[in-house]
2 protein chains.
Amino acid sequence: MNMPIENETNYQASKYRTPDGAPTDIVIFTITSEGKGSVKKSLPTRELQVLLIQRKQWPFEGQWALPGGFSMESETIHESARRELTEETGVSDVHIEYFNVYSTPQRDPRGWMISHAFFALVHERYLEKRQAADDAADVRLFPIDEALAMDLAFDHEIIMRDALAQIQQKMLTTTIAREFLSEEFTMSELYQVIQTVVPTFEERNFIRKITSTQSRKGIIEEVLDHQGQGKMSNRYSQRAAQLYRFTDYVPQLSIYS
Amino acid sequence: MNMPIENETNYQASKYRTPDGAPTDIVIFTITSEGKGSVKKSLPTRELQVLLIQRKQWPFEGQWALPGGFSMESETIHESARRELTEETGVSDVHIEYFNVYSTPQRDPRGWMISHAFFALVHERYLEKRQAADDAADVRLFPIDEALAMDLAFDHEIIMRDALAQIQQKMLTTTIAREFLSEEFTMSELYQVIQTVVPTFEERNFIRKITSTQSRKGIIEEVLDHQGQGKMSNRYSQRAAQLYRFTDYVPQLSIYS
DNA sequence: ATAATAGTGTCTTTCAGACACTATATC
DNA sequence: GATATAGTGTCTGAAAGACACTATTAT
């Protein structure tokens with residue numbers, strides 16, 4: 001411990017080297033969906049994208065970076081991230097989650113900066129009206145693979161890789177898939193969303209398992225109309241599909257069953 | 001964003017209010033095991049305990065608190081936590097994991113302090129030689145329930161509750177149980193460790209499932225002697241029990257199976 | 001023999017996984 | 001009728017869950 005021996009009357013934090021800032025960085029994910037060109041009804045093509053801003057000033061002027069900014073004394077780190085998210089995208093009330101701290105010495109040429117990284121999951125409909133904020137030259141969505149191949153500012157490539165690993169893991173173990181879907185959705189939409197985030201995911205009997213397995217089925221339920229009949233959607237298909245919604249049930253996983 | 005418009009030649013972090021420190025707090029868990037008084041061989045009583053220090057100075061002088069200290073500019077937060085853990089307990093090379101940041105305004109009377117919380121899992125044999133460091137009046141292990149009922153310094157009760165929830169969840173979804181066990185262990189030891197951390201855990205056919213289930217058995221394997229026979233232990237029992245060890249296999253859980 | 005721990009036998013019900021098949025509606 | 005999506009029938013083998021039973025050995 002290098003905490004000084006002090007008391008209330010003579011304690012002075014300024015006697016010690018202190019951080020030069022506590023920024024937040026936010027990896028904003030969205031899944032875009034693009035209907036296939038043909039006139040026929042069919043499943044859209046979905047793609048995982050991240051929102052980046054182009055820096056306007058030193059350091060890393062002109063390079064692309066994660067949105068974020070400095071925390072203030074009057075707010076928690078989490079509130080700071082929410083504020084920055086709203087400032088960057090105009091979006092509030094979306095899923096935002098803290099996942100790691102980045103503190104490698106020299107990671108920021110401006111000084112000793114301890115950065116707190118969040119990921120946010122945003123339905124694409126919320127990102128339509130976005131625009132570049134004051135300190136950004138440009139704001140854009142990039143496919144995740146493309147973003148990871150760019151020469152990003154700071155250690156943002158590492159942060160983004162970590163964020164991707166996080167949401168891939170959470171996609172399979174929690175119900176965050178709901179953040180990318182509408183309230184009501186079909187099984188193929190859910191399946192597509194999972195596959196978009198975790199390309200290796202494959203379950204041939206997906207519909208059967210998700211709808212009939214005792215241990216799993218608590219997480220979703222059928223949507224019924226006012227007559228108690230299953231509510232259907234034919235948005236993507238000739239034959240109408242049953243609509244489902246997530247319940248509030250939080251699944252508990254265990255390797256020891 | 002409140003990031004200033006600056007460039008390399010005129011950027012001065014000191015123009016903005018900056019944090020007064022970036023401390024780490026470490027929730028050090030151990031499981032003590034106490035042989036039953038009788039002469040007969042029997043399973044020990046196990047208890048989940050946390051290590052606390054008694055503060056020697058303002059603020060919260062005389063109160064019990066989590067060990068920890070201030071990060072330095074030349075190290076990462078993670079390195080800082082490891083350093084503090086070693087300073088407090090003499091222990092290195094144990095499982096230590098970052099889990100959250102605490103930044104509520106006014107959480108520390110010394111100023112704007114953003115605290116980074118870790119949990120460490122330590123086998124009780126490593127905590128025998130511990131002693132109070134310079135800035136602590138005393139160091140002791142407390143049963144987790146007792147510790148949570150104490151009037152702890154700062155927001156350390158919240159941090160400890162969060163840490164407990166974390167290790168309970170990880171106990172069931174990862175192989176961290178190994179951190180509380182020796183390299184080789186019996187099924188009843190493993191079962192006891194899980195139950196000590198997660199009291200609600202109950203599996204009647206535990207041995208059978210963990211040793212025979214295809215999907216789960218990859219995480220542990222039987223220990224064999226040099227003749228290829230199962231290595232046994234009669235430390236706790238009349239009848240000798242098979243010894244197991246964890247493999248390096250990392251189980252992947254999914255709610256969508 | 002007793003006690004304490006370590007396992008096995010056996011039954012029923014459910015689930016996983018495969019894959020061919022049927023169903024519905026649009027073009 | 002071709003096509004695209006949605007879903008069912010049916011089979012096999014494996015696993016879950018319950019619980020009574022046997023096995024081993026220090027005392």
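Below, read A as the first sequence line, B as the second, and so on, with proteins coming before strands; counting in each chain starts at 1. Here the structure is a predicted model, which means the values were calculated and not measured.
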Look at the side chain of A:R239 against the base of C:dA23 and say whether a donor-acceptor pair falls under 3.5 Å; ignore hydrogens and angles. yes
Looking at A:E222 and A:R245, is any side-chain nitrogen of the basic one under 4.0 Å from a carboxylate oxygen of the acidic one? no
Interatomic distance where CD belongs to B:Q238 and C1' belongs to D:dA26 [whole Å]: 5 Å
Regarding B:E202 and B:R204, does a basic nitrogen lie under 4.0 Å from an acidic carboxylate oxygen? yes
Please report, rounded to the nearest Å, how far the P atom of D:dT5 is from the OH atom of A:Y191. 14 Å
Between D:dA15 atom P and A:Y256 atom OH, what is the distance in whole Å? 19 Å
Main chain of A:V122, side chain of A:T30: is a donor-acceptor contact present, judged purely on distance under 3.5 Å? yes
Pairs of donor and acceptor atoms involving the side chains of residues 158-167 of chain A, under 3.5 Å and at least two apart or interchain, shall be tabulated with distances.
from, atom 1, to, atom 2, distance (Å)
A:R161, NE, A:E157, OE2, 3.2
A:R161, NH2, A:E157, OE2, 2.8
A:D162, OD2, A:Y102, OH, 2.4

Within residues 226-235 of chain B or reaching into it, pairs that qualify as side chain to side chain donor-acceptor pair (under 3.5 Å) - sequence neighbours excluded: B:E184-B:K231
Can you check the A:L190 CG to D:dT5 P distance for me, whole Å? 17 Å
By salt bridge (Lys or Arg N to Asp or Glu O under 4.0 Å), which residues pair with B:E34, not counting sequence neighbours? none
For this output row, return yes or no: ring centroids of A:F180 and A:F29 closer than 6.0 angstrom. no
Positions of residues 224-237 of chain A (non-hydrogen atom under 4.0 Å from DNA chain D), listed by number: A:Y236, A:S237
DNA chain D contacts made by residues 195-210 of chain B, counting heavy atoms under 4.0 Å: B:R204, B:N205, B:R208, B:K209
Side-chain N or O of B:S188 less than 4.0 angstrom from OP1 or OP2 on C:dA6? yes
Just jot down the side chain to side chain donor-acceptor pair (under 3.5 Å) partners of B:T175, sequence neighbours excluded, or say none. B:R178
